[in-house]
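To keep things clear, I will list the structure first and then write my remarks on it.
Along the sequence shown, residues carry numbers from 1.
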Amino acid sequence: MTRTSSALWGRYAGPAVLALSLLPASAYALDASVEGIDGEPATNIANFLAPISIPENARLESYKAEVADKSQKALHAFGYYSAELDITLENRDDVTVRVTPGRPVKLNHLWLQLSSAGADDDALKQLIDDSTLKARKGKALHHADYDGLKTKLQNMALQRGYFNARFVTHRLEIRPWAHQANVALSMDTGPRYRYGDITISGNQIDENRLKAMMPFHEGEYYETNDLATYNQRLSQMGWFKSITVAPRLDTAEEDTTIATPGTPELGQPPGAGAQDSTEDSTVQPPKEAQVPIDVNLVPADRHRFEVGAGYATDVGPRFRFSWDQPWVNSRGDSWNNSLYLSAPRTVFEGLYSIPLDNPLRDSWEIPYGLKKIDNEDTRSFESSIALARQWKFSNGWHQRVYVRATREDFTQADQDATVYLLVPGVSWRRTAVDDQRFPMHGNRQDALFEVSDPAWGSDARFVRTRLSSQWITSLGTDNRFVGRVTVGATATDTFDQIPPSLRFFAGGDNSLRGYDYESLSPENDDGELLGGQHLLTSTAEYQRRITGDWWGAVFTDAGNAFNKWWPNDIKHSAGIGVRWISPVGPIRFDLAKPLGDEDDSGVHIHFAIGPEF
């Protein structure tokens, strides 16, 4: 040992030894075996005794009193006040408690009362009527029922604006010799408050617009749920980094007594006698029962930039750059732009959104973009701009009515053209999932209808629709089922003037696995893809959890793109796959093989990152 280390040891050894000497001998939690009674009372005894620890050299007998006391308290919670116990401490770690429970006390008299404004509140009265305490009258007492009703009444009173509410009487009387229990619970709610002045601070959005989104108004009765709803609405708009909606307010007792023989029975309705009240004073209502509401806001960053990367076998490496402005001006307009890069497709797109009187539901939108495609037999450059009106309905459906102007310069196989289109359309979509990242139950519905005609300046005449339905359901927590059907149809007599962006192709990760991306469609005499007027694809997949976040999958896909449909035009494939719920999102890896296809019988690999919806 060096001199330095010796000096350090000498300096700290004394305190260290002293500290170690003060530590108790090792002790362990007590494991209780309960006999004579089972179910919840037995479990409660074991739970009460578990924290007891007996030191190594302690006398076991000296701990019997503590074990008995805790066991009795555990039994009291279920109405057993006359139980007899036989306790055997086997060793420091194990105890056997033999219980002779006796008759439990039963709820005899039950007085539950509301006074002041709350006496006419149907929600509070319903809470009492539906309580387990009221249902247990004439049955064995459970202390948890009494405590539960008391807590629920306090919480609901605050939620509904009874800020002066308090219990005038809260008493649980046990009469062990009579095997009876009496309850007196009386709440004086005081007045029910209404919304007072509503103050909004820190906002960069017009105050009238924010107030129009409120689910409450000055003078209406206070409800905590209203504040939560308003907070949620403001959050959905993306205008603010921080949101606080709160009332401006300037505003634990022992209830159980064990009576002795001869004690006058608790038999008066609450408030009739001073001895039944914990406090004798009555609630004094304020002159004006109004509560001001403060809405404190912190604006979101005006500019947000994101960079993302991914990979899929359909398109190879892909990159995305986005620039979002959640608020452009005091009206709450938003502006989003993004650039998507991959080998077959380059897309720049933007969206300027103008919220209307109900910003959550209604808005005008101006989408625009540039798109370049170089894939298989398709070469295309498209520019477009649209004007759309969007509605978001309370049932989850989103509706858009729009007019889109498009210029597309394309080569599709042996067809070349530059077309101008003015396309009115309408679309509906709805997504409902229990978990956006990896849903166990959910569905997505999409429907689109478009029309074009030379009568208003378009180079092509057509009526076009595309319908898609996808669902996910589960059996237990380890079995998952995925289904998808997509149908597309085009009625036209000018197909050669319809650009590739509006023709149908099949094949790829989200279409027919076992085939390359958009490699299926009608062909010309040279075997080059032309695209189809119609589309039909479907998927059926079963997934089974392997372990943790890893899942195995088996699936079959079917479909094709065609001009005239017939069953023998349908392609089929099947395969197996692995799913991993990674920190960056679900990752899918599939091996798929076409079935009964003489032109393509090899195994295809499909890899993708991202949610199914």
Please check if the side chain of T224 supplies one atom and the backbone of Q159 the other of a donor-acceptor pair under 3.5 Å.
-> yes
Check: E528 main-chain N/O paired with E523 side-chain donor or acceptor under 3.5 Å = no
When you check the side-chain N and O atoms of H303 and W323, is any donor under 3.5 Å from an acceptor?
-> yes
Any luck finding a side-chain donor-acceptor pair between S458 and D453 under 3.5 Å?
-> no
Side-chain (D435) to main-chain (R437) donor-acceptor, under 3.5 angstrom = yes
Is R579 paired with E541 through a side-chain N to carboxylate O contact shorter than 4.0 Å?
-> yes
Please state whether the rings of F216 and Y195 are parallel, tilted or perpendicular, taking 30° and 60° as the class boundaries.
-> parallel
Between E408 and T418, is any side-chain donor less than 3.5 angstrom from a side-chain acceptor?
-> no
Please confirm whether the backbone N or O of N225 pairs with a side-chain atom of T229, one donor and one acceptor, at under 3.5 Å?
-> yes
Pair S384-T406, side-chain donor/acceptor within less than 3.5 Å | no
Cationic N near anionic O, under 4.0 Å, D597 to K571 | yes
Donor-acceptor under 3.5 Å (Q236 side chain, R233 main chain) = no
Minimal heavy-atom distance between D301 and R304, with the atoms involved, is O-NE, 4.2 Å
Between W327 and W239, does the ring centre distance come in under 6.0 Å?
-> no
Taking N47 for its side chain and T43 for its backbone only, find out whether a donor-acceptor pair lies under 3.5 Å.
-> yes
Whether S452 side chain and A460 backbone form a donor-acceptor pair below 3.5 Å = yes
Does the ring of F555 carry R513 above it, NZ/CZ under 6.0 angstrom from centre and within 45° of its axis?
-> yes
Give a yes or no answer on whether the side chain of Q470 reaches the backbone of V485 with a donor-acceptor pair at less than 3.5 Å.
-> no
Where is the tightest heavy-atom contact between I498 and F410, given as atom of each residue plus distance?
-> O-CZ, 4.0 Å
Does R345 make a cation-pi contact with Y517, if we ask for NZ or CZ under 6.0 Å from the ring centre and within 45° of the axis?
-> no
Of the non-hydrogen atoms in R331 and P355, which two are nearest, and what is the gap between them?
-> NH2-O, 3.0 Å
Judged by modelled atom types alone, do R318 and S342 share a side-chain donor-acceptor pair under 3.5 Å?
-> no
Minimal heavy-atom distance between V315 and P344, with the atoms involved, is O-CD, 3.6 Å
W551 vs F438 aromatic rings, parallel, tilted or perpendicular, using cut-offs 30° and 60°?
-> tilted
Consider only side-chain N and O atoms of Y368 and N337, and report whether a donor and an acceptor are under 3.5 Å apart.
-> yes
Do D206 and S330 get their side chains close enough for a donor-acceptor pair, meaning under 3.5 Å?
-> no
Would you call D446-R429 a salt bridge at under 4.0 Å N-O?
-> no
Report the relative orientation of the aromatic rings in H534 and F562; use parallel for angles under 30°, tilted for 30 to 60°, perpendicular for over 60°.
-> tilted
Is D362 reaching over with its side chain to a backbone N or O of W391, donor-acceptor style, under 3.5 angstrom?
-> no
Side chain of W456, backbone of L422: donor and acceptor closer than 3.5 Å?
-> yes
Test: R160 and E223 ion pair at under 4.0 Å = yes
Considering non-hydrogen atoms only, spot the tightest contact between Y222 and P247 and give its length.
-> OH-CG, 3.5 Å
Do D333 and N329 have side-chain N/O donor and acceptor atoms under 3.5 Å apart?
-> yes
Looking at F495, is R503 sitting on its ring face, NZ or CZ under 6.0 Å from the six-membered ring centre and within 45 degrees of the normal?
-> yes
State, without any angle test, whether W428 and Q399 hold a side-chain donor-acceptor pair at a distance under 3.5 Å.
-> yes
Short side-chain donor-acceptor distance under 3.5 Å, H606 and D509 | yes
May I ask you to say whether E365 pairs ionically with R389, meaning some side-chain N is under 4.0 Å from a carboxylate O?
-> no
For residues F504 and G488, report the shortest heavy-atom separation together with the two atoms involved.
-> CZ-CA, 3.6 Å
State whether a side-chain donor-acceptor pair under 3.5 Å links Y402 with E450.
-> yes
